[in-house]
Number of protein chains: 2
Amino acid sequence: MTKPLETRFDADDIAQAERYLAEEPPAEIDPRVERLVNDLIGRIADKWTLLLLELLEEKGTLRFTAIGRQVDGISQKMLTQTLRQMERDGLLTRTVHPVVPPRVDYALTPLGNSLSAAFCGVWVWAERNLETVEAARARFDARD
Amino acid sequence: MTKPLETRFDADDIAQAERYLAEEPPAEIDPRVERLVNDLIGRIADKWTLLLLELLEEKGTLRFTAIGRQVDGISQKMLTQTLRQMERDGLLTRTVHPVVPPRVDYALTPLGNSLSAAFCGVWVWAERNLETVEAARARFDARD
DNA sequence: TGCTATACGTACCAAAAGGTGAGAAATGAC
DNA sequence: GTCATTTCTCACCTTTTGGTACGTATAGCA
């Protein structure tokens with residue numbers, strides 16, 4: 001996280017996340033739907049996806065190399081792959097400007113913004129409980 | 001998801017998630033902390049961790065084989081590995097009963113519960129936007 | 001005297017994920 | 001003419017991940 005949370009999540013994002021949390025869940029769940037949801041969770045719960053989501057939420061529209069420079073440790077291959085996947089899932093738009101050298105802009109869609117907002121609580125949790133987790137690990141590793 | 005969300009997240013969980021969302025974020029972030037948070041996110045944003053978290057939140061205390069039976073597709077090895085990792089991170093407790101045959105109970109700690117609550121918004125998002133994502137994929141795959 | 005049940009550890013192997021480096025395509029700067 | 005620029009794709013290789021199968025300990029039961 002390069003900026004405080006308020007830079008990345010505005011009042012609307014937080015309001016939407018709260019609406020999600022307050023909302024009535026569906027009464028019964030089709031096992032077929034269940035499988036698809038687990039599948040979807042498996043897809044979006046990916047390190048690079050999460051980091052790109054966060055970055056684009058914070059910075060808005062960015063081009064390929066700019067993203068690469070700002071996400072520490074990502075290889076070009078992973079960047080291309082993750083962006084393509086997110087585009088396929090409808091999380092971001094990819095705009096190719098037919099100029100030379102090529103210029104491609106990436107930006108979150110409303111769907112991408114809503115996912116980012118949904119993850120807001122997880123980021124906050126991670127920030128708040130970082131030390132607790134570190135301490136738990138130290139304790140675990142210490143006992144024999 | 002085998003049960004509606006209200007089965008897994010009670011009013012307290014949701015209230016806590018809302019408190020997270022409403023809360024003031026820290027003003028500035030140490031790059032060292034940033035690295036650790038990204039690291040932590042990478043660790044918990046794992047398919048099996050998420051599914052175990054969900055299951056234990058829903059069912060409470062469970063023993064090893066019971067978990068294995070209820071999480072579709074997990075191998076014994078992955079189950080052991082994921083449980084051990086979660087225990088190390090302080091997300092769950094492992095209680096060995098010295099009986100024969102052995103009996104080991106797993107249950108979430110308050111920290112585990114809070115993480116589960118933090119993921120509440122993501123589950124809701126996945127449920128609500130499943131069809132949107134599927135449609136986006138179909139559209140993406142269709143255009144040559 | 002086997003046989004079963006439970007919760008693993010471990011060794012070996014296959015599959016998947018990911019890194020690296022080359023190349024492609026077109027144009028403006030030198 | 002050639003060099004850099006940008007956004008990739010592709011092929012090759014290494015690393016990581018995960019599956020399978022087998023071993024272990026021990027009390028109760030037939």
Side-chain angles (χ1 to χ4, degrees), chain A residues 38-52 55-56 59-89 91-108 140-141 143-144, chain B residues 38-52 55-56 59-89 91-108 140-141 143-144:
Chain A
N38 284 346
D39 200 64
L40 184 56
I41 290 279
R43 201 77 48 84
I44 59 177
D46 162 74
K47 187 188 172 185
W48 298 129
T49 302
L50 245 38
L51 294 179
L52 294 192
L55 181 69
L56 287 167
K59 301 287 179 64
T61 301
L62 287 175
R63 47 193 303 195
F64 189 81
T65 41
I67 301 176
R69 259 182 282 110
Q70 291 177 64
V71 178
D72 208 54
I74 195 167
S75 71
Q76 198 198 49
K77 180 181 171 178
M78 275 299 95
L79 182 52
T80 306
Q81 211 173 93
T82 307
L83 286 170
R84 214 47 52 82
Q85 227 167 226
M86 291 173 74
E87 188 197 357
R88 186 171 113 95
D89 286 345
L91 299 176
L92 53 76
T93 56
R94 177 170 173 272
T95 313
V96 182
H97 303 275
V99 295
V100 168
R103 176 205 172 95
V104 182
D105 286 337
Y106 293 93
L108 292 189
F140 184 90
D141 295 344
R143 62 129 210 253
D144 177 59
Chain B
N38 285 345
D39 200 64
L40 184 56
I41 289 279
R43 200 77 47 85
I44 59 177
D46 163 72
K47 188 189 171 184
W48 298 129
T49 302
L50 245 37
L51 294 181
L52 294 193
L55 180 68
L56 286 168
K59 302 284 179 66
T61 301
L62 285 176
R63 48 194 301 195
F64 188 81
T65 42
I67 301 176
R69 259 182 281 111
Q70 289 177 68
V71 178
D72 209 53
I74 194 167
S75 71
Q76 197 197 55
K77 181 180 170 180
M78 276 299 96
L79 182 53
T80 305
Q81 211 173 94
T82 308
L83 285 171
R84 214 47 53 84
Q85 227 168 228
M86 292 174 74
E87 187 196 358
R88 186 170 112 97
D89 286 344
L91 299 177
L92 52 78
T93 56
R94 176 170 174 272
T95 312
V96 182
H97 302 275
V99 295
V100 168
R103 176 205 171 93
V104 182
D105 285 337
Y106 293 93
L108 292 188
F140 185 91
D141 295 343
R143 62 129 212 252
D144 184 52

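Treat the numbers as computed from the prediction; the structure is a model and nothing was measured. In what follows, chains carry the letters A, B, and so on, assigned in the order in which the sequence lines appear, proteins first and then strands, with residues in each chain numbered from 1.
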Quick one, Trp48(A) and Leu79(A) - any side-chain contact, counting heavy atoms below 4.5 Å?
no
If you compare every side-chain N and O of Arg94(A) against the phosphate oxygens of dC8(D) (OP1, OP2), does one of them come in below 4.0 Å?
yes
Taking the side chain of Arg84(B) as heavy atoms from C-beta outward, which of dC8(D), dG9(C), dA7(C) is closest to it?
dG9(C)
Without decimals, in angstroms, what is the distance between Leu83(B) CG and dC8(C) P?
7 Å
Measure CD/Gln85(B) against C1'/dT17(D) and give the value in whole Å, please.
12 Å
Can you tell me how far P of dA7(C) sits from NZ of Lys77(B), to the nearest Å?
20 Å
Taking OP1 and OP2 of dA7(C), is either one under 4.0 Å from a side-chain nitrogen or oxygen of Thr65(B)?
yes
Starting at the 5' end of DNA chain C and moving along, which residue's nearest nucleotide shows up first, Ile74(A) or Pro101(B)?
Pro101(B)
Of the candidates dG9(C), dC8(D), dA7(C), the side chain of Phe64(B) sits closest to dA7(C)
Over how many whole Å does the gap from Gln81(A) atom CD to dT9(D) atom C1' extend?
12 Å
Per Pro102(A) side chain, nearest of listed nucleotides dA22(C), dT6(D), dG19(D):
dT6(D)
Does Arg63(A) place a side-chain N or O at less than 4.0 Å from the phosphate oxygens OP1/OP2 of dT6(D)?
no
